[in-house]
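For reference, the structure discussed in these notes is given below.
Quick note: numbers below take in every heavy atom, side chains included, and nothing from hydrogens, waters or symmetry partners. Sequence lines set the chain letters: A, B, ... in the order given, protein chains first and strands last, and positions in each chain run from 1. Quick caveat, the model's predicted, so the values are computed rather than measured.
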Amino acid sequence: MDVRVEGQMVDAPAEADLAAVLRKALSGKKFKTVVAARAVTGGESLLLDLSASLPDDCHELIPVYADSPEGLQLIRHSTAHVLAAAVKRLFPAARVTIGPAIDNGFYYDFDVERPFSSEDFPAIEAEMQKIAAAREPFTREVLPRAEAEARFRGMGETYKAEIIEGIDADTVSLYTCGDFTDLCRGPHVPHTGFAASAKLLSVAGAYWRGDEKNPMLSRIYGTAFADDKALAAYLRQMEEAKRRDHRKLGRELHLFTFQEDVAPGMVFWLPKGMLVRAILEDFWRKEHLKRGYDMVQGPQLLRVETWQRSGHYDHYRENMYFTQIEDDAYGIKPMNCIAHMLIYKNELRSYRDLPQRYFELGVVHRHEKSGVLHGLLRVRQFTQDDAHILCAPDQLEGEILDVIHLIRDLMNLFGFQYKVAISTRPESSIGTDEAWELATGALIQAVEKAGLPYEINEGDGAFYGPKIDVRLLDCIGREWQCSTIQVDFTLPDRFDLNYVGQDGERHRPVMVHRAIMGSLERFIGVLIEQYAGALPVWLAPEQARLLTVTEAGDEAVLKLRDELKAQGIRVALDTRNEKLGFKVREAQLAKVPYILVVGEKEVQAGGANVRLRNGDNLGLKSGGEIAALIRADAEEPFKQGGMRYSFA
RNA sequence: GCCGCCUUGGCUCAGCUGGUAGAGCGGCUGAUUCGUAAUCAGCAGAUCGUCAGUUCAAAUCUGACAGGCGGCUCCA
């Protein structure tokens with residue numbers, strides 16, 4: 001039969017394996033880098049081992065190369081097997097569990113008496129190298145389920161046996177490389193030689209099947225590439241990413257600090273960081289006013305009875321801080337919604353008043369478990385750009401759409417890549433089926449109307465309603481939730497919110513909880529990493545720094561400073577008795593966008609020599625020109641989007 | 001909260017198998033007036049996270065606690 005391979009037709013004998021077919025079409029050099037192949041039959045293509053025999057109705061074979069994304073995933077998955085094989089040789093008592101490929105690498109979880117530490121890596125890596133050098137073939141066998149289960153039980157591999165119990169099929173496949181056999185769906189690379197460019201990265205505890213109630217396993221993370229060069233490049237890139245870490249940059253740029261012994265998980269904003277925050281807040285308040293929100297502010301402490309009524313006391317107590325004042329118990333707010341509802345309830349509302357959109361930069365406290373704190377990205381006290389929209393049911397979709405547009409505009413302003421997910425009804429939840437259906441439908445319709453790609457997270461919604469979540473990435477690719485939109489039919493009920501409809505009857509409003517930046521702390525943290533500390537000019541705490549060459553420039557520089565300040569430019573002076581190179585270096589490391597040098601020439605001509613933080617030199621410019629330049633630069637990001645910000 | 005690792009001056013880090021601490025940057029003082037990523041010199045600054053224990057002797061060993069880092073779980 002004839003099979004197409006990369007454009008050429010190959011005659012494939014019956015019962016040929018994929019490797020034999022590919023070898024006919026590809027040069028020897030090329031063939032060596034093939035790790036698997038996709039067999040195209042009819043409309044679909046199946047990823048198969050090279051040792052698999054050619055499916056009957058296959059008319060095309062697509063080779064999967066080692067350095068392709070799919071090939072890398074296979075290499076990493078196979079390398080996880082090699083890791084497990086090495087561990088079993090060195091620690092025969094270890095029981096294996098699962099070991100998948102993940103983004104940028106793989107992991108394998110083991111049940112061991114003594115958890116692994118990174119000190120075990122050299123020995124394990126050496127053993128892996130030995131296995132790789134032996135180029136052991138990965139061989140596949142298919143067994144009836146019961147037989148496979150018995151075999152793993154016989155080996156004492158109880159976790160594997162447990163996995164097989166859960167598999168809904170008559171047969172399962174096993175893969176063997178050297179002396180190690182693992183339950184695995186496959187496919188795998190042809191031999192262990194493809195696991196040669198691997199490195200173990202870290203150890204971690206992980207619960208069996210991700211459940212806190214299950215035993216803690218010892219997980220080893222690693223990564224693997226097609227060759228050593230690619231591996232080295234990746235490791236260098238990771239080093240580079242660490243330089244963007246907002247915790248490091250926050251310290252170096254004097255933006256914020258933590259005093260762990262005084263207030264763990266709570267930020268001390270330093271003057272420069274607070275200035276960034278203040279600008280961001282100012283912009284954001286104005287944007288909300290433009291979009292029809294009203295600013296409100298509720299109290300920080302509410303009496304405990306209120307939290308009991310809202311359900312927070314039952315469902316959220318472990319995350320709350322409480323305090324006792326005289327004879328009364330108070331809870332510090334972990335959310336802003338209750339106060340906003342009480343503000344709504346302060347007056348009798350008509351359908352004509354809807355929607356009511358209450359906006360608050362609300363400071364909330366949540367007692368997060370100690371192990372989860374992470375710089376600005378996970379804290380215990382944070383400020384939400386929170387709003388609660390109370391509307392009639394038929395206004396719901398339009399309101400959600402407006403919120404999505406606001407999210408889109410903000411993300412575009414900063415050039416963030418983001419992921420959207422819709423979370424549906426969880427098992428333990430309250431409310432009627434109709435309400436859930438209506439709310440979920442409204443969310444999906446709105447997201448589709450806005451043209452955003454999204455995924456569905458089944459059963460991941462809040463207990464009172466479904467939600468849209470938007471996640472941003474930090475510098476090493478971890479996802480952090482920022483925006484969230486939640487539809488809530490329950491709390492308006494619990495607090496007996498009403499509006500008088502056209503019919504003169506009382507009706508229940510729907511509440512949309514939404515935050516766009518999510519938490520200002522987290523958002524600024526991601527922002528710092530996104531820009532590697534070099535914030536856009538409109539947010540830069542110090543937009544320009546004037547440097548003198550000698551003290552002969554002192555007088556001129558003061559005049560220039562005042563001129564720029566009068567134009568609303570945030571400008572600082574460096575008239576220290578240091579060499580120019582030293583001052584330029586410090587300004588550049590401080591990521592000041594405009595470095596303005598005043599020496600003898602500039603004193604004569606008036607103005608300053610303009611250097612940008614990327615090293616470009618724009619030459620001599622007058623004070624007026626410089627101010628115009630900086631303002632134009634500050635306004636640049638706002639040109640495309642639907643937003644404006646006036647620089648007063 | 002759970003698992004592993006870590007915790008030495010403001011920052012980054014040395015300190016080997018136990019004999020009561022070092023450097024660079026930064027700070028201060030002085031000299032230098034020097035044109036686009038580091039001018040030179042001097043000085044100050046740490047009971048080595050906390051509390052116990054082992055020891056003649058602990059930054060170094062043991063334990064508990066606190067905090068941090070990487071994960072798990074959770075979440076904005």
Check: A:Arg357 and A:Glu399 side chains under 4.5 Å, non-hydrogen atoms: yes
For A:Arg545, all residues meeting salt bridge (Lys or Arg N to Asp or Glu O under 4.0 Å), sequence neighbours excluded: A:Glu542
Ring of A:Tyr313, cation from A:Arg317 - is the NZ or CZ under 6.0 Å from the centre and inside 45° of the axis? yes
Strand partner of B:rG67, provided both Watson-Crick or wobble distances fall under 3.5 Å: B:rC6
Pick the C1' atom in B:rG71 and in B:rG15, then give their distance to the nearest Å. 31 Å
For residues 92-112 of chain A, pull every pair meeting salt bridge (charged side-chain N to carboxylate O under 4.0 Å, His left out), keeping only residues two or more places apart or in separate chains. A:Arg95-A:Asp111, A:Asp109-A:Arg219
Students often get this wrong, so: under 4.0 angstrom with heavy atoms, is A:Glu252 touching a base, only sugar-phosphate, or nothing? nothing
Other residues, nucleotides and ligands only: do more than 12 of their heavy atoms fall within 6.0 Å of NZ on A:Lys419? no
Rounded to whole angstroms, how far apart are CG on A:Asp109 and C1' on B:rG71? 10 Å
Could you tell me how far B:rC75 sits from B:rA37 if I compare only their C1' atoms? Round to whole Å. 42 Å
Scan A:Asn609 against the nucleic acid and name what it touches under 4.0 Å (heavy atoms): base, sugar-phosphate only, or nothing. base
Residues pairing under salt bridge (charged side-chain N to carboxylate O under 4.0 Å, His left out) where one sits in residues 596-609 of chain A, two or more places apart or in two chains, turn out to be none
Sequence neighbours left out, what passes salt bridge (Lys or Arg N to Asp or Glu O under 4.0 Å) with A:Lys248? Give chain and number order. A:Glu252
Measure the distance from NZ on A:Lys248 to P on B:rC69 and round it to the nearest whole Å. 14 Å
Contact class for A:Tyr221 vs. all strands (heavy atom < 4.0 Å): base, sugar-phosphate, or nothing? sugar-phosphate
When you check the phosphate oxygens OP1 and OP2 of B:rC75, does a side-chain N or O of A:Gln481 lie under 4.0 Å from one of them? no
Identify whether any heavy atom of A:Arg219 sits under 4.0 Å from a base atom; if not, whether one sits that close to sugar-phosphate; answer base, sugar-phosphate or nothing. sugar-phosphate
If you find the nucleotide of RNA chain B closest to A:Ser202 and the one closest to A:His367, which residue's nucleotide is nearer the 5' end? A:His367
What is the distance from CD1 of A:Ile468 to C1' of B:rA76, rounded to the nearest Å? 16 Å
Need one value for A:Arg247: base, sugar-phosphate or nothing, where a base atom within 4.0 Å counts as base even if backbone is also close, heavy atoms only. sugar-phosphate
Pick out the pairs of N or O atoms, protein on one side and nucleotides 38-43 of chain B on the other, that lie under 3.5 Å.
| unit_1 | atom_1 | unit_2 | atom_2 | d |
| --- | --- | --- | --- | --- |
| B:rA38 | N7 | A:Arg585 | NE | 3.0 |
| B:rA38 | N7 | A:Arg585 | NH2 | 3.2 |
| B:rA38 | N6 | A:Arg585 | NH2 | 2.6 |
| B:rA38 | N1 | A:Arg585 | NH1 | 3.4 |

Rounded to whole Å, the CG-P distance (A:Asp386 to B:rA76) equals 11 Å
Select base, sugar-phosphate, or nothing to describe what A:Val379 touches, counting heavy atoms under 4.0 Å on all strands. base
The side chain of A:Val549 lies closest to which of these nucleotides: B:rG35, B:rU36, B:rA76? B:rG35
When both distances are under 3.5 Å in a Watson-Crick or G-U wobble arrangement, the nucleotide paired with B:rC61 is B:rG53
Enumerate the residues from residues 587-602 of chain A whose closest heavy atom to RNA chain B is under 4.0 Å, giving them by residue number; use none for an empty result. A:Gln588, A:Leu589, A:Val597, A:Gly599, A:Glu600, A:Lys601, A:Glu602
Does any nucleotide pair with B:rU39 by Watson-Crick or G-U wobble geometry, both distances under 3.5 Å, and what is it? B:rA31
Integer angstrom distance from the C1' of B:rG4 to that of B:rU12: 24 Å
When both distances are under 3.5 Å in a Watson-Crick or G-U wobble arrangement, the nucleotide paired with B:rG26 is none
Quote, to the nearest angstrom, the C1' distance that separates B:rA58 from B:rG42. 35 Å
From C-beta outward on A:His374, which listed nucleotide comes closest to its side chain: B:rA37, B:rA76, B:rG70? B:rG70
Could you please name the partner base of B:rG1, counting Watson-Crick and G-U wobble pairs only when both distances are under 3.5 Å? B:rC72
For RNA chain B, whose closest nucleotide is more 5', that of A:Trp480 or that of A:Val610? A:Val610
Give me the distance, rounded to whole Å, that separates B:rU50 from B:rG9 when you measure between the P atoms they each carry. 10 Å
Output a table of nitrogen or oxygen pairs between the protein and nucleotides 2-11 of chain B separated by less than 3.5 Å.
| unit_1 | atom_1 | unit_2 | atom_2 | d |
| --- | --- | --- | --- | --- |
| B:rC3 | O2 | A:Gly205 | N | 2.8 |

B:rC5 to B:rG49 separation - C1' atoms, rounded to the nearest Å: 16 Å
Distance, rounded to the nearest Å, where A:Ile98 contributes CD1 and B:rG71 contributes P: 17 Å
Determine the interplanar angle of the A:Tyr108 and A:His81 rings, folded into 0 to 90°, and report it as parallel if under 30°, tilted if 30 to 60°, perpendicular if over 60°. perpendicular
Length of the OH-P vector between A:Tyr316 and B:rC74, whole Å: 14 Å
Sort out the partner of B:rC48 for me: Watson-Crick or G-U wobble, both distances under 3.5 Å, none otherwise. none
Residues passing the side chain to side chain donor-acceptor pair (under 3.5 Å) test with A:Glu625, sequence neighbours excluded, are A:Ser622
Does a distance-only test, which skips hydrogens and angles, find a donor-acceptor pair under 3.5 Å between the side chain of A:Arg378 and the base of B:rC74? yes
Which residues satisfy the side chain to side chain donor-acceptor pair (under 3.5 Å) test with A:Asp469, sequence neighbours excluded? A:Lys467, A:Gln481, A:Thr484
Which residues share a salt bridge (Lys or Arg N to Asp or Glu O under 4.0 Å) with A:Glu368, sequence neighbours left out: A:Arg378
Once you round it to whole Å, what is the distance between P of B:rC34 and NZ of A:Lys583? 12 Å
Not counting sequence neighbours, which residues clear side chain to side chain donor-acceptor pair (under 3.5 Å) with A:Gln381? List them please. A:His365
Phosphate contact (B:rA37 OP1 or OP2) by A:Arg613 side-chain N/O below 4.0 Å: no
Mind checking salt bridge (Lys or Arg N to Asp or Glu O under 4.0 Å) for A:Glu586 and listing every partner two or more places apart, or none if nothing turns up? A:Arg576
Under 3.5 Å donor-acceptor pair, A:Gln486 side-chain atoms to B:rA76 base atoms: no
Please tell me whether A:Tyr321 and A:His367 form a close aromatic pair, meaning their ring centres lie under 6.0 Å apart. yes
Sticking with atom C1', work out how far B:rU33 lies from B:rU47, rounded to a whole angstrom. 44 Å
For the pair made of CG in A:Asn457 and P in B:rC74, what is the distance, rounded to whole Å? 12 Å
Nearest-Å distance once atom P is located in both B:rU20 and B:rA57: 14 Å
Taking the six-membered ring for Trp, are A:His246 and A:Phe256 parallel (under 30°), tilted (30 to 60°) or perpendicular (over 60°)? tilted
Sort out the partner of B:rA21 for me: Watson-Crick or G-U wobble, both distances under 3.5 Å, none otherwise. none
